[in-house]
K.L.:
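Structure incoming, see below.
In what follows, chains carry the letters A, B, and so on, assigned in the order in which the sequence lines appear, proteins first and then strands, with residues in each chain numbered from 1.
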There are 4 protein chains.
Amino acid sequence: MRYRIVAGSNVPIFRQIADQIGRAVATGDLKIGDSVPSVRQLARDLVINPNTVAKAYSDLVASGVLENQPGRGYFINKRRQVFTKTERLRRLDETIDLLISQSVALDFSASEVLDRVKELFTQKLSVAPE
Amino acid sequence: MRYRIVAGSNVPIFRQIADQIGRAVATGDLKIGDSVPSVRQLARDLVINPNTVAKAYSDLVASGVLENQPGRGYFINKRRQVFTKTERLRRLDETIDLLISQSVALDFSASEVLDRVKELFTQKLSVAPE
Amino acid sequence: MRYRIVAGSNVPIFRQIADQIGRAVATGDLKIGDSVPSVRQLARDLVINPNTVAKAYSDLVASGVLENQPGRGYFINKRRQVFTKTERLRRLDETIDLLISQSVALDFSASEVLDRVKELFTQKLSVAPE
Amino acid sequence: MRYRIVAGSNVPIFRQIADQIGRAVATGDLKIGDSVPSVRQLARDLVINPNTVAKAYSDLVASGVLENQPGRGYFINKRRQVFTKTERLRRLDETIDLLISQSVALDFSASEVLDRVKELFTQKLSVAPE
DNA sequence: GTGGTCTAGACCACA
DNA sequence: GTGGTCTAGACCACC
């Protein structure tokens, strides 16, 4: 699996990494027990600070996606929900609120936004990462 | 019109204010030529620093929602398109990308997210609060 | 590149900074991807408050000249048209109106003003300072 | 002579008034010894604060355009230069600098700006105010 | 190290 | 009364 980061993005690098791993798990590209690159290896590959990779991994451990086997590395954990349904929805709603505000500010109609959301969702999620 | 802010939120206060005004304009609660509260008045009401209100207002001036009449206050501007279509789409996409990342991270499916987006859009934009 | 500010001027410091960067981009002294000094560094150099520099930079982000990579700094953005033609013209006209008022008040003739505008344009934009 | 002010403009109201009188003198619509409306009368006509008119008039007295005959009103003074040539040019240059910065920021070429300046100058100055 | 947000408070221009 | 600019300094997130 290839990892990629977009430097100019507003999405923090650590989250880009976490998202890619999360997505790979969701699509089945990474299965339970699979290993992810070492912190230092991935930092070298992406030419970023190892702390940034470490932060991504530790967030994924906190959310139950990865587990750490000291001295061996990080591995995909068996999937479990760590957030309650309510909590997950609360966090999703927060981002959707942002989208709505932005849409209003940019004078897009609800249907324009919905179409674009659909479009980008298909584009980003149907194509499996390399 | 009543303004409200949530203190502990991840959304900065100045954006909460700008969002509320943006939405009020979108729903017609605020009309062209209407005045918004003075910087100091709103700051007193919300018990926040006037600079924070000023930042919200000046962002709205930059995006063409408000206009400023020096010494008199801020007023709802006639609606006009300030940004190019490309720019508007670029900004919208940026926010949608954030939503997609978030959805993946929270393990929501595309259709779950779409439904929720639809729901919140109707809720926030058609029904006037209070 | 050297940055300079004039303390006693009518032009606010944050605009002097933004103007200098805007001009450097126009003359090619700053190219796409170049970084500008960090907020704190420039504030130290010019012996002003970091917030003042931050305001200049964030204005330039709003107008598409700079982009911000969180935690890394500000960089010259690829040039793109952010505002609609109408909006650009509206803003230009606003400044020209100011010039006309000023000219009348100072009792300059239209041709005197035009000659001076031509002169300063060449002076400031073709010859790179220092 | 009719006086007009544009409320939504960035040009302060007191300066709009001063400019109109200055312009009328320049075009010959107001001659030496002519009276201008009383402070209160003009304030009523324009529906603005009398202080604002008073400020415009006192600026014009300071710059030698008007003279005040206490108890009788304000009159057009015999024209004299109060600013030195250098001082007038310095003030003009300041505004032109602003125009140049704005042009750069809005990505207009020097020739586009010059054409527009010519156009607006003709438009605003050739048509005599009612 | 970087920037982002917010507060408190000063001084000035404009109506 | 209104907003605009600037300073000083705190706390936070991200690299």
K.L.:
On the side chain of C/R40, is there an atom forming a donor-acceptor pair with the base of E/dG3 - under 3.5 Å, no angle test?
P.N.:
yes
K.L.:
Return the nearest nucleotide to the side chain of B/V39; candidates are E/dT5, F/dG3, E/dT7.
P.N.:
F/dG3
K.L.:
Round to a whole Å and report the spacing from OH of B/Y74 to P of E/dA15.
P.N.:
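Rounded to whole Å, this separation is 14 Å.
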K.L.:
Which one, F/dG4, F/dT7, F/dC14, comes nearest to the side chain of A/K55?
P.N.:
F/dC14
K.L.:
Rounded to the nearest angstrom, tell me the gap between atom CG in A/N49 and atom P in F/dC15.
P.N.:
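Taking CG of A/N49 and P of F/dC15, I get 9 Å after rounding.
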K.L.:
Output the single nucleotide from E/dA15, E/dC6, F/dC6 whose closest atom is nearest the side chain of B/R72.
P.N.:
E/dA15
K.L.:
Around B/R80, counting heavy atoms of other residues, nucleotides and ligands shown, do more than 12 lie under 6.0 Å from its CZ?
P.N.:
yes
K.L.:
Among the candidates F/dT5, E/dC14, E/dT5, find the nucleotide nearest to the side-chain atoms of B/F14.
P.N.:
E/dT5
K.L.:
Looking at A/E94 and A/R91, is there a salt bridge between them, counting it only when a charged N and a carboxylate O are closer than 4.0 Å?
P.N.:
no
K.L.:
If the cut-off is 4.0 Å, is C/T52 near the phosphate of F/dT7, judged by side-chain N/O to OP1 or OP2?
P.N.:
yes
K.L.:
Which is true for A/I48 with a 4.0 Å heavy-atom rule: it touches a base, it touches only sugar-phosphate, or it touches nothing?
P.N.:
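Counting heavy atoms under 4.0 Å across all strands, no contact is made by A/I48.
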K.L.:
Do the side chains of A/D97 and B/K124 get close enough for a salt bridge, i.e. N-O under 4.0 angstrom?
P.N.:
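Between B/K124 and A/D97 there is a salt bridge, with a charged N closer than 4.0 Å to a carboxylate O.
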K.L.:
Using both distances under 3.5 Å as the test, list the Watson-Crick or G-U wobble partner of F/dC14, or none.
P.N.:
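Its partner is E/dG1 (Watson-Crick or G-U wobble, both distances under 3.5 Å).
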K.L.:
Counting distance alone, no hydrogens or angles: does the base of E/dG9 have a donor or acceptor under 3.5 Å from a partner atom on the side chain of B/N51?
P.N.:
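Such a pair is found, so the answer is yes.
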K.L.:
Considering heavy-atom distances to DNA chain F, does B/V36 or C/P12 have its closest nucleotide positioned more toward the 5' end?
P.N.:
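Per heavy-atom nearest nucleotide, the more 5' residue is B/V36.
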K.L.:
In terms of side-chain heavy atoms of B/S38, which of E/dT5, F/dT2, E/dC14 is nearest?
P.N.:
F/dT2
K.L.:
Can you tell me how far P of E/dA15 sits from CG of D/L46, to the nearest Å?
P.N.:
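Nearest whole value for this atom pair: 12 Å.
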K.L.:
Considering only F/dA8, E/dT7, F/dG4, which nucleotide approaches the side chain of B/N68 most closely?
P.N.:
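My answer, after comparing the listed nucleotides, is F/dG4.
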K.L.:
Which whole-number value in Å describes the distance from D/I17 CD1 to E/dA15 C1'?
P.N.:
11 Å
K.L.:
Could you pull out the closest heavy-atom pair between B/F75 and B/G33, with the gap in Å?
P.N.:
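Where B/F75 meets B/G33 most closely, the heavy atoms are CD2-O, 3.5 Å.
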K.L.:
Kindly point out which of E/dC6, F/dG3, E/dC14 is positioned nearest to the side chain of D/R15?
P.N.:
E/dC14
K.L.:
Got a donor-acceptor contact below 3.5 angstrom from the A/Q20 side chain to the A/R4 backbone?
P.N.:
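Yes; at least one donor-acceptor contact below 3.5 Å.
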K.L.:
Rounded to whole angstrom units, what separation is found between the CD atom of A/Q16 and the P atom of F/dC14?
P.N.:
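To the nearest whole Å, that distance equals 13 Å.
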K.L.:
If each of C/R44 and B/V47 is mapped to the nucleotide of DNA chain E with the nearest heavy atom, which maps nearer the 5' terminus, i.e. the 5' end?
P.N.:
C/R44
K.L.:
Would you please confirm or rule out a distance under 4.0 Å between OP1 or OP2 of E/dT2 and any side-chain N or O of C/Y57?
P.N.:
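No, outside the criterion.
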K.L.:
Which whole-number value in Å describes the distance from C/I13 CD1 to F/dG4 P?
P.N.:
17 Å
K.L.:
Considering all heavy atoms of both residues, which atom of C/L42 and which atom of C/P37 are nearest to each other, and what is their separation?
P.N.:
CB-CB, 4.0 Å
